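To keep things clear, I will list the structure first and then write my remarks on it.
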Amino acid sequence: MATQKPTKFDQVDWDNLTGSGRFKISINMKLLLVTGVPVLLLGLYDHFLVGDREATFVRLGEDLGLSSQFEALGLDFNPTSVDILFVFTIFLFLWYLVLPLYQNMRMTKYYWKEFKRNRPAVISLIWLTIIFVGGVLGPFFVAMPEQDLFAAYQPPVFGSIDQVHVNQCVGEISDGRCQGTWEYPLGTTRGGQDVLAMVIHGMTVTMQIAFITTMIVAAIGITFGTVSAYAGGWVDEIMMRFVDIVLSFPTLLFFLLILYIYGAGLGMFILVFGLFGWGATARYVRSKALSVSEEEFVKATKISGAGTYRIVRRHVVPNTASSIITQLTLIIPGFLLAEAQLAFLGIGDTAVPTWGQAISSGRNAIDFAPWIVLVPGMALFLTILAFNFLGDAILDALNPEAEAESEK
Amino acid sequence: MAIEHDAAETIFDENDVVTTDDVPLLEVEGLTTSFKTEAGRLVAVDDIDFTVDSGETVCIVGESGSGKTVATESVTQLIKQPPGTIGGTVRFKGQDLMDLTEKQLRSIRGNEIAHIFQNPQEAMNHCYTVGWQITEAIQIHEDVSKKVARARGVDLLDRVGIDNASARFDDYPHEFSGGQKQRIMIAMALVGNPDLLLADEPTTALDVTVQAQILRLLNDLQEEFGMGILFVTHDLGVVAEIADRVIVMYSGKIMESADVFEIFERPAHPYTQALMKCLPERGGDQRGGIPGRLPNPTNPPDGCRFAARCEHATEDCEVGEQPPQIEIAPDHHVSCIYYGEGYDSSVVRDAELEAANAPETEANR
Amino acid sequence: MPRRISSKGNHASGINRREWLGMLGVGSTMALAGCLGGDDDDDDGDGDDDGEDAPEAGADEPDPLDLSQDPPEVSGEYHATQASSFDTINPIYNTEAGAGTAIGYALDQGYTFDFDNEVVPLLFEDIYTEDEGETWVIEFRDNLEFSDPYGQYTAEDYVYYVQEIHQSDTFPSANSPDWAGVEIEQTGELEAVATPPNPNIIWPETFAPLEYPIPKELLEPYVDAEDSEGLQQDEELLDLSFNGNLGPYNLEEWIRDGGTQYSRNDEYYLRDLADEYPMFGEAPYFETAQIEIIEEESSRIAAIETGETDNVPLPPDRGEQFIEDEDTMVVLEPTPFNTILSVNMRDNGWTAGPGNLFRVKEFRQALAAAIDKFEYIEGIANGFADPHYTWQPEFSEWFPGTDDLTLWGNPEEGVYGEEARDLVEEALDQIDEDYSYDGDVLVGPDDNQVELEIYYNAASDTQELAVDFYNNQLEQNIGITLDTNAIDGTTFSENYWSADPEGGTDTIDGEEVEWDAPTPNNPGPRSVTPDEEWDMATIFGLNTYPRNPLTNDVFFEGPNSSYNPVGYYPEFDAEGIIQNMRNAGTRDELRDAAAELFANLNEEQPYIMISFGDDIEAYNPAVRGPVPEFSNGWDFPAWHKDE
Amino acid sequence: MGLARYVAARTIWAALVSFIIVTVTFLLLALAPNPSISQAATQAALEGGDPATAVEQQEQLRGLDQPLYVRYMDFVQGVYTLEWGWSQNRAQPVTEALWQGIYYTAQYSIPWTILTLIIGPLVGLYSAANMYSWKDHLATGFAFFGWAIPNFFFGIILLVIFGVWLQWFPIQYDTSVPVFSLANAHQLFLPVFVLVTGSIGAVMRVSRNESAEFQNADFMKTAKAKGVSPTRAYAYHVMRPTMVPLSTTIVSQLLVIFLGSSLLIEIVFGIPGLGRVTFDALINQDTNLVLGATLLFTFIAVIGNLIEDLVFTIMDPRISFDDR
C-alpha cells in the first residue's frame, strides 16, 4: 500500500551530478578551492605574520603595496580568526549545501513543496535568513554599540522608565517617567549601548557559533562515524567505546572547568564545543552508514571492485548527507543555549557581544529595564525555536515516516 | 467445553428485538463509508448491500483498494470517526448497529462479532504476552477472575492448535511463528463465542501450507460454533476453498454477488472475469494483473466504476450512476448494463472461462 | 583571622586587611565604586554642568543609637543578605569579610571603634600604653565565659592562642605576620603585656591585638599533635559552639551556600555594661538572626523590595531608586577601598612602543588629569562615590585636606582636559623615544596612535563600564586609545600581577638600591616582570588604611615595600617619611608625617587615583542602628526594630 | 541470568568510564593555578610576611606540596575508600558537602522528574490522540515553547513577574523551611515549573511521535475489535509500546537538563543545591570537591545510562540480553 515516492534525495548517485570519473574534481570542489583557500591563507597570514595590534587588511595592503587602493576601498578590517573561519564555513555551506540544491533542481522543487506545507518551518526559515543576513552583513552597516554613560537605561521607543533610573533622558519626561525615542528603538543598556546594535552584532556571533561549531562537529563526527562503520570489528568496537566515553562526560561541568582554566573567548568556546560535541553525531553517522552500506546499489559498487574509501566518499557520505544535515540542524540550538548559559554564569568574554552576554548583563536590571534581557532573550528563544522547527521540517520533508529523535 | 459459555450474550439479548430465524444474522443495507482527506471526501464504500447468515461463509473479493476491508470494518464501526463517516444500516440479528451507543457497540465487539486481521505480526501488541492479550479480551466482556480467564485462554489456545498451550501462554508474540500467531488471533476472536466472525484476509501474510491449515481450522470452528463468517480476500483460490457465497467489490461498489458455484461457473461481470483470469492455475492470460488502475476514490467517474478498464465498455457505461444490481439467476446479482434491458449480455459472457471453471470448481469442492 | 570590629552587613567598614584581601580573589573586586558619606557636600560632582538630574544622594541619615536610653523590646528576627558564601567560619582560618560578619554575630573580639574612631573595649577591659607605644597592656573582663567545659576566658587563653598558633611554624595562620616579632606575656589572670617590635602609638588601630576568643583546652590537643589539618576541621570551631556568653547570638546552623542562622544569646556578657551603656542591658534585641546568601543580584534586591530581608547591599545604579522608595532606608557607608587605574611601570609595561611613559611622573599626572572624576562618579558610580586625590579617604583623620593637593581630573577646581595634554607634552620632553602629537593624536615612533592594553575584571559590570569610559576620556583629552580586555581576576593575579620573587638591584636617582626581601607582588626591580605583558588594569582596588596610615608602607617604600606589582619607584624620600611616621611619639607628629606622605603621593600618582566608593546599604526602615558612618555596626548588639 | 551478566558487564564499564573521566578532571585541575595559593602569597606580602612560606603553608594545607603522581595515587585510593577529602571552600568533608547539595537538589529534582515523567507522556499521548487538532497544536506549541526557551531566562522572567511584581511567590529560598511543608512547595513551585516546562518538550515530542505511530498500529484495531475502550486502549496498548523508544530518550533528556539547567536554576532561585556546590567549587578550585562532584555527576550519568539501557531492554520484550 506504500505510496510511491520519487527517488529519494538520499539515493541520488552524486557521481552523475558532479561529473563522473575518478580523478576529476567536482565543480563544488573547484569553487571551494577558489574561494576557501584564499580565506584560509588569509587566516594563516593573520595568525603568523600580522601582529596583534595591526589590522589585517591594513597590513595586507602594505605588504601588497596596495595601501592606497585598500584605503580608497575602505578595506581596513581586522578580522579575527573566528571571523575568517566563519567566512570559510559559509563558502563550504554555499558550495556543498546550497549549490547542490540548485544543481538538482527537480529534487529541490519536490522538497520545497513538501517543506512549504509546514508553515512554522517556513516562518522559521525566514527568521533564520534574517539572522544570517543580519549576522553576515549587519556589522558592516551597524557600528559596535558604543558606550555613552549619559544615555544609560533609555527605554525602547513607546516604552518608558521611572526617572530615578536614568541619568539623563534622551526623550521626553512625563509623569516622572522617561519616554523612549527612535534614537534607541530597542532601548539602551546600563552603559548606554544601543540594544538594537547589540542584537545585530549578536546575530554574527550566533551564526558563527552555529556554523563553525557545526562544521567541526560534522567533520569529526562524520569521519569518526564512517571510519568506524567501515572498519568494523575491534576497530569499530574501540571507536564506539571511545564515543561512549566522550558522551559520558558531564559536559557543562567540563566546559566550565576548561573555559575557566584556559579562558573563555569565543574561539575557545567554539573549539571546546566542537571537540566535545561530536559524540552523538558520530554514533548517528555510523548507524546511517551501516544501513546505507546495506543498500543494493552500494553492495553493487562494492562487488564492482570499488575501494572502501571511494565507496565511503562517493556513496555513503553523500547518501547519508540529508539525515546528517537534519541531525546537525537539531544540535545547533544546544550550542546556542550552552553559550547563553555559560555567559550567564559569567564564563565568557564580555567583550564579545553575544546574546547570552546581553542577557547576563541586563539581568540585574530586569525589574526596571526589562528590555535589556527581553530583547536578546527573545531573539535567542526564537532562534532556538526556529532551528528546531526547521530541523523537524527537513526531517519530515526528507522522510515523512522518520522519527523525530535520533536513535540510540 | 468451557468455550460453550454464553454469559456475556445476555447483554445483547436484552437489546435483541427480533430473534426469529428468518432474519439474517447480518444484514447490511446502503452501507456507505467515506473519509475526509486533504484531497476531498473519499468514498471507500459506496452504498452496498449484503447479508450473512448463521453458519454461512461470505467472501468479499476485490483488488487492493476496492473497499472490502473498509466494508467489514464498518460493520462494527472500527473505522475511526472522524475522519471516517459511516452511513446506511447494519442489522445484526435484526438490531441496527448504527443506533447503538459506543458502549453498547463495545459489548458486541469481540463478543458477538469478532475480527481477525490480515497481519498477525502487527495485529498483536508486541509488548504483551499472548496470554495477557487473550485474558484482556475475556475480562473485558466478563467479570471473571484472572485465574478463570487464564484457564479459558489456555483452553482456547489448545483448541486452535497451539502445542503446549499452558506453557506458551506467557510467551510474547515475537516468539511465535506467523501461522501460530494467526491461530492465537483466532483464539482471541473466539473468546466471546461469537455469532459472526469478520476475517480480513487472515491468510494473506502466511505461506501456502500454513494458509491451508488456517482455513481448515476456520472451517472446523465454523462447524463447531455455527458462526457466520464474513471473509475478505483478494485470492480467488481461497474463495473457492471456503466461501458459500461471494461478493465482488470494485472501487467501493459491489459488482457481482452470487453463490460460490454460480460465480465460478458463470462469472457474469467483466471485472469478475478479469479477476479470474489472474488466477494462474486457471490458464489466465493476465498474470500481471488487470491492466489499468483503480479510479480516483475522491472523484469516482460517472457510470460503471470499472468502465475505464473494461474491454466491453461503451459510452452508456460512462454516464449516470453505477448500474443497478440485476438478478440474472436466483441470488446472482450483477451490476452491468449489459444485463439490463436492451443490451446483449452475451457480449460480456466469457465462455472460455465458464468452460474452464465449471468442472474444476466442482472438483475442488 | 578576621579582626572584625563592627559586626554587621556585607560591607567593608571595619574590615581588616585580611578580610579585604579575601576579596582579591575571583571576581570579588566589583562594586568598589561608591563615595564618601552623604553628610559631606553631596554632589560636588555636579561640576560639569551636563544638566543631568543628578541624584541628590539624599540617602537616609538616621540618628545613631543613643546608648544611654533604656533597653528596647526584644522581638522578631534580624535578617541580613549577602552576595557570596563563606569558605569557612572557623575563626582561626577565616580570611573573608562575609564570614567575619557571620562569626562576629557569635563571638566578640577585644575592642572596636565607635563613630569617633575611639576605641571601645569589648572583651578587653582596657588596652593601653604608658610608654609611648613601647609596651601595651591588655586587661580582660572577668565576666567572660566559654561554654562548658572550657570555663572562663582569661589572658591565658589569649596568650596561648597567640603563641602556639600565630607564632608557631606548625600552624599556617593568616595572623602570623601581625605577631611576628611581638613579645606577648601573661602578667596576671586577666592581664597580658605585648611588646611590638617597634614602638607604636596606635598599635590597636593596626587590628593586630584583635583575636577571637578560643579556649586553650580546645587548641591543646592539636598543638600537641601538631595537627593543623585537624584544627581546620574541628567541629567546635566550625559550629562556634564554645562561644558561651562571648557573643550576642548563638550559631544554630551554618548552611553552606545558604547562610547562617542564630538564636539570641541570653547570657551575653555585654549586659553587664548596663551602667555605662544602659541600652546594652538586655542585648541583643532580636530573638533570632540570619545571614542569607543570595548570589543573584536581582533576587537579592527583590528580597529587600518585598520585605523578605532587613539588609541588602545595593549596586550603585540601584541606589537612587531605593533612596526614593519609602519602604527602604538607604545608608551610605564610606569605605577605605579605592578605585584606581594601575599602570605597569615594569619592563613589560607600555606595550605601545619603545620606552615606558608610565615611569614619568608627569605622564601619570596627565592620566589622572585626563579622566573626569566627576563624570565617573555620576555616570558609573551613580553619584555614590567621592573623588580620590591622595591615598586616604576624606573621612580619615589622617586626610591632609584638599588645600595642599592638586585636584587631578577635577574640571572645576583642578587640572583637567587641555592641561592633561600639557602634562603629556612635559612628559614627552623627558624621554628619549620619539613620541609626539599629530594633531590630537599621540603617535609613537612608528607613526601609529598609541594604543594601550587595559585589563578589567570580567565579572564586574562596573569595571566594564569604567574601562570604556577611560578609553573615551583618554582619547579625547590626551589622544591615546585603550584596547579593553576582560579577564578573570585569578588569572590576572597569577600571570600579570605577580611574579617569582627574584630580587636584584637597580639604580634609582644615582643610588644603588637592593631588593633583599622580594615578594611575588614586588618580585624585584622593574626588570623583574610577570609572565604576561600588560599596560593598565582596573582589576584591583586597594585599601588605604584610614585608621592606621602607617600600614601603607607596604605600598610605597620602594624596594622594601612588600606590595608593588606596578614597579613604582618613589621620586620623593618615601622611606624617610615613613620612618618619621614610625617614630612618631604622638598623634600630632604622626599626622604631620602622614600629611607629607599623602601630599607627595598626590603628586606622584603611583596608581592613578579615581574615586572612593560608598557601600550602599538598604535597610528595613524599622531597623534602628544603621548610620552612614565608617564604623557603622559597632553597636550591633543594641540594634533593634521599631514596632 | 542474562540480565545479571549484562548488568555486571555494564557496571564494570561504567566504573571504567567514571575513572577515566575523573582522571581527566584531576589532570585539568592539577594544571590550573589555584587562587587560594596566590591569595595567600599576596596576603603575606601585604602583611610584611614571607610569601614563599605562605605559599608553602597553603600548599601543605591543601596537600599540594607533594608530587603529582603521589597526589594522584592518594586520590585514586580515596575514591575507592570513599574518603573524598576535605572541602577547603566549605570547611566540611566532600561527602558531606555533596550530600547537602543533594539534599536541596533532590527537593526540587524529584518532584520535577516525577511530574515530567507523568505529564510528558500524557501530553504527548493526548496530542497524538488529537493529532492536528487545535488541542494538538496547543500542546505541541507549549512543548516547543518550553523546550526552546532558555530555562534560566524563563526563570528570571517568572521570578520578576510572580516574585517581585505580583509577590505570589517568595524571592529567596528559605533553607529553614521543613521539607514536607506547604511553604516548601510554595517556594519550589517556580523552579519546578520552569524545569518541567523545559523538560516536558522533549519527552512530549517523542511520545507524541511514537504514540502517533502506535495509535494507528494494527494492534490498536485488534484491541478495538476486542471491545477495548479507547481509554484503556491508550493506557495499555499505546502507552506501553511508546515507553520503549521513550525510555531511550527520557533518561538522557532528563540527565541533560539535570546536569545543565539545574545549576542555573539553583543560581537564579538561590537554592544551595548540588549545582551550586559544584560551580562554587570550580570557581574556587576546591580540588577535592570538584573531583568529588565530577565523580558524582559522572556516576549519575553512567547510572542513568545504565538504567536507560536496562529499562529499554526490559521494556521491549523483543530484545534479549544476549544480543547486547
Side-chain angles (χ1 to χ4, degrees), chain A residues 120 241-242 244-258 260-262 280 333-334 336-338 340-342 344-347 355-356 359-360 362-364 366-368 370 373-374 376-378 380-389 392 395 401-408, chain D residues 13-14 16-18 20-21 24-25 28-29 31-33 141 144-145 147-154 156-157 159-160 164-165 201-202 205-206 208-210 213 245 248-249 252 255-256 259-261 263-264 267-268 278-279 282-283 285 290 293-294 296-298 300-302 305 308-309 312:
Chain A
R241 289 302 112 185
F242 184 68
D244 274 357
I245 295 173
V246 170
L247 282 173
S248 298
F249 274 81
T251 20
L252 191 72
L253 202 73
F254 246 72
F255 295 160
L256 280 174
L257 192 58
I258 293 173
Y260 183 73
I261 296 171
Y262 296 103
L336 299 182
L337 191 64
Q341 288 183 333
L342 290 173
F344 180 81
L345 291 175
I347 308 265
W355 291 338
I359 297 173
S360 172
R363 75 206 228 231
N364 291 338
I366 182 158
D367 55 325
F368 64 92
V373 166
L374 283 180
M378 289 313 285
L380 178 67
F381 165 59
L382 291 176
T383 306
I384 291 176
L385 198 63
F387 271 112
N388 278 310
F389 273 129
D392 272 10
L395 199 67
E401 276 124 304
E403 292 150 27
E405 83 292 328
S406 59
E407 83 298 18
K408 282 214 46 122
Chain D
W13 172 241
L16 188 70
V17 171
S18 314
I20 291 171
I21 288 171
V24 174
T25 316
L28 276 175
L29 278 173
L31 293 175
F144 261 95
F145 170 83
W147 202 77
I149 197 160
N151 272 331
F152 66 92
F153 172 63
F154 195 37
I156 299 175
I157 288 175
L159 204 57
V160 168
V164 181
W165 293 343
R205 271 170 82 196
V206 175
R208 175 179 175 271
N209 292 342
E210 293 296 334
E213 199 175 304
T248 66
T249 39
S252 44
L255 273 178
V256 165
L259 298 177
S261 302
L263 161 60
L264 289 124
I267 287 180
V268 170
T278 313
F279 183 66
L282 260 171
I283 291 298
Q285 285 175 29
V290 171
T294 311
L296 181 71
F297 276 116
T298 311
I300 293 174
V302 167
N305 286 325
E308 174 181 305
D309 282 3
F312 180 69

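All values derive from a computational prediction rather than experimental measurement. Order of the sequence lines fixes the chain letters, A, B, ..., with proteins taken first and strands second; residue numbering starts at 1 for each chain.
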For this session: Please work out whether the ring planes of A:Phe389 and D:Phe144 are parallel, tilted or perpendicular, with thresholds of 30° and 60°.
Result: parallel
For this session: Given side-chain contact (heavy atoms from CB on, under 4.5 Å), test A:Leu385 with D:Trp147 step by step and report yes or no.
Result: CA-CA 8 Å; A:Leu385 198 63; D:Trp147 202 77; over 6 Å; no
For this session: Pick one of side chain, backbone, both or neither for D:Ser18, based on which atoms fall under 4.5 Å of a heavy atom in chain A.
Result: neither
Problem set entry | Where at least one partner belongs to residues 245-257 of chain A, residue pairs that pass salt bridge (Lys or Arg N to Asp or Glu O under 4.0 Å), sequence neighbours excluded | none
Problem set entry | Which atom of A:Ile245 lies closest to which atom of D:Val17, heavy atoms considered | CG1-CG2, 4.0 Å
For this session: Check whether any side-chain heavy atom of A:Leu374 lies under 4.5 Å from a side-chain heavy atom of D:Phe153, and answer yes or no.
Result: yes
For this session: Kindly determine whether A:Asn388 and D:Arg205 satisfy side-chain contact (heavy atoms from CB on, under 4.5 Å), including the steps that lead there.
Result: CA-CA 11 Å; A:Asn388 278 310; D:Arg205 271 170 82 196; 4.1 Å; yes
Problem set entry | Separation of A:Ile366 CD1 from D:Ile156 CD1 (nearest 0.5 Å) | 5.5 Å
Problem set entry | Ring center gap for D:Phe154 and A:Phe381 short of 6.0 angstrom | no
Exercise. Just wondering, do D:Val160 and A:Pro370 contact through their side chains at under 4.5 Å, heavy atoms?
Worked result: no
Seminar exercise, completed: So, the part of D:Ile149 with a heavy atom under 4.5 Å from chain A: the answer is both
Exercise. Hey, which of A:Ser360, A:Pro333, A:Ala340 has the most heavy atom pairs under 4.5 Å with chain D?
Worked result: A:Ala340
For this session: State, yes or no, whether a side-chain contact exists between A:Arg363 and D:Ile157 at a heavy-atom distance under 4.5 Å.
Result: no
Problem set entry | Side-chain heavy atoms of A:Leu345 within contact of D:Leu263, under 4.5 Å | yes
For this session: Not counting sequence neighbours, which residues clear salt bridge (charged side-chain N to carboxylate O under 4.0 Å, His left out) with A:Asp367? List them please.
Result: C:Arg318
For this session: Can you tell which part of D:Ile20 gets under 4.5 Å to a heavy atom of chain A, answering side chain, backbone, both or neither?
Result: side chain
For this session: Nearest 0.5 Å please: distance from the CG atom of D:Asn151 over to the CG atom of A:Leu337.
Result: 7.5 Å
